[in-house]
Amino acid sequence: GSIASWIGRQVERVMAKGLINLESVGILEMGYKFPVLISMMVIRPFMRSWETRRFEIADQPGAPETIARMFTYFFFIVTWVGLVMAIVIKPVLVILTPPEFHIAYRIARVEILTIILRGVGLHLIFGLAYAKDTATISKIQTGTSVFKVLLSWFFIANWGIYGAAFSAAVTRLISDVIVFTFAQRRYHLSLQWKSLALMTFVAGGLFVGLNHWDPSGTAAYGLVHDRLVPLMQNAVGATSLSGWKDGKLITVLGERASPLADMIVKGGIAALYVLVLPVIHAETRRKWQRRLFGSRT
């Protein structure tokens with residue numbers, strides 16, 4: 001099943017080269033380069049410890065609720081990191097890459113969603129793993145991979161390189177739904193749907209709002225653009241990096257002050273998503289309720 005999934009992702013690159021051109025593959029790879037950090041920094045470390053622990057507690061009283069609660073916390077972390085990256089990826093590419101790669105931010109945003117869905121699937125698959133039903137897991141992975149190849153051809157033929165990214169996201173969503181349906185029959189998890197819906201709504205709202213907002217006329221943007229960036233240039237000038245390629249780093253900071261300010265301002269606001277945590281954390285929520293409404297709550 002894993003081999004089939006890997007082949008499914010590689011086929012889209014071959015299709016992009018054949019249906020579009022070689023340059024499109026480079027843009028596609030650039031779009032995939034940064035989102036993988038979510039897997040490296042969040043999903044893998046989280047699952048490295050939790051994947052074993054959930055099997056240890058699976059037969060204990062209250063385990064389904066505990067496992068579901070941990071999924072809620074995982075979903076918060078991965079959507080927080082994913083939201084910030086989705087907001088800052090456009091100015092990051094403008095700062096770090098040549099102009100021909102700047103459009104890769106659209107692919108990167110879709111790939112961020114795909115990686116989040118992939119992490120979600122690692123949690124929702126627990127029922128099948130607990131029941132040792134690896135045959136069903138493999139069949140689902142193989143079946144969805146074959147479906148992805150067909151979907152990739154249709155999407156790429158109609159929407160170009162963006163179709164490759166969208167085919168992966170759609171396939172991953174379908175795979176998660178199928179996996180969760182089968183897994184629930186083997187080990188039922190009482191997911192905290194209200195908290196999950198709240199996080200999805202807030203993250204989606206912040207993304208749409210910040211994506212269409214131009215901060216250039218705000219005081220925060222002016223502070224970063226006119227004061228912070230010059231301070232960064234002076235700081236670099238005081239180090240050995242000042243002579244790197246005849247002061248290229250200092251020059252780049254000055255030339256790309258606008259996307260840098262955009263990244264800092266929008267990224268900082270996106271990071272405020274962390275304020276959702278006290279709402280979904282049961283103990284913190286109870287403390288707030290006791291302070292607001294007294295000991296009867």
- [ ] Name all residues meeting the ring pair (Phe, Tyr, Trp, His ring centres under 6.0 Å) criterion together with Phe74; count only those two or more places apart in sequence or in a different chain, and write none if there are none.
- [x] Phe46, His123
TODO: With sequence neighbours left out, write down each residue that passes salt bridge (charged side-chain N to carboxylate O under 4.0 Å, His left out) with Arg186, or none if nothing qualifies.
DONE: Asp133
- [ ] Would you please name every residue forming a side chain to side chain contact (heavy atoms under 4.5 Å, CB included) with Val274, sequence neighbours left out?
- [x] Phe76, Trp80
Open item on the list: Holding to side chain to side chain contact (heavy atoms under 4.5 Å, CB included), I want the full list of residues that pass it with Val202, two or more places apart in sequence or in another chain.
Closed with: Leu198, Leu206, Tyr273, Val276
- [ ] Under the side chain to side chain contact (heavy atoms under 4.5 Å, CB included) rule, collect the residues that match up with Ala183, sequence neighbours excluded.
- [x] Leu128
Task: Partners meeting ring pair (Phe, Tyr, Trp, His ring centres under 6.0 Å) with Phe75 (sequence neighbours left out) - done: none
TODO: Using ring pair (Phe, Tyr, Trp, His ring centres under 6.0 Å) as the criterion, list what pairs up with Phe201, not counting sequence neighbours.
DONE: none
Pairs of donor and acceptor atoms involving the side chains of residues 259-271, under 3.5 Å and at least two apart or interchain, shall be tabulated with distances.
{"from": "Lys266", "atom 1": "NZ", "to": "Leu210", "atom 2": "O", "distance (Å)": "2.9"}
{"from": "Lys266", "atom 1": "NZ", "to": "Trp213", "atom 2": "O", "distance (Å)": "2.9"}

Task: Pairing residues for Ser216 by the side chain to side chain donor-acceptor pair (under 3.5 Å) criterion, not counting sequence neighbours - done: Asp214
- [ ] Can you tell me which residue pairs pass the side chain to side chain donor-acceptor pair (under 3.5 Å) test with a partner in residues 97-109, sequence neighbours excluded?
- [x] Arg109-Asn211
Open item on the list: Just to verify, what does Asp176 make a salt bridge (charged side-chain N to carboxylate O under 4.0 Å, His left out) with, not counting sequence neighbours?
Closed with: none
Open item on the list: The criterion is side chain to side chain contact (heavy atoms under 4.5 Å, CB included); which residues satisfy it with Ser49, sequence neighbours excluded?
Closed with: none
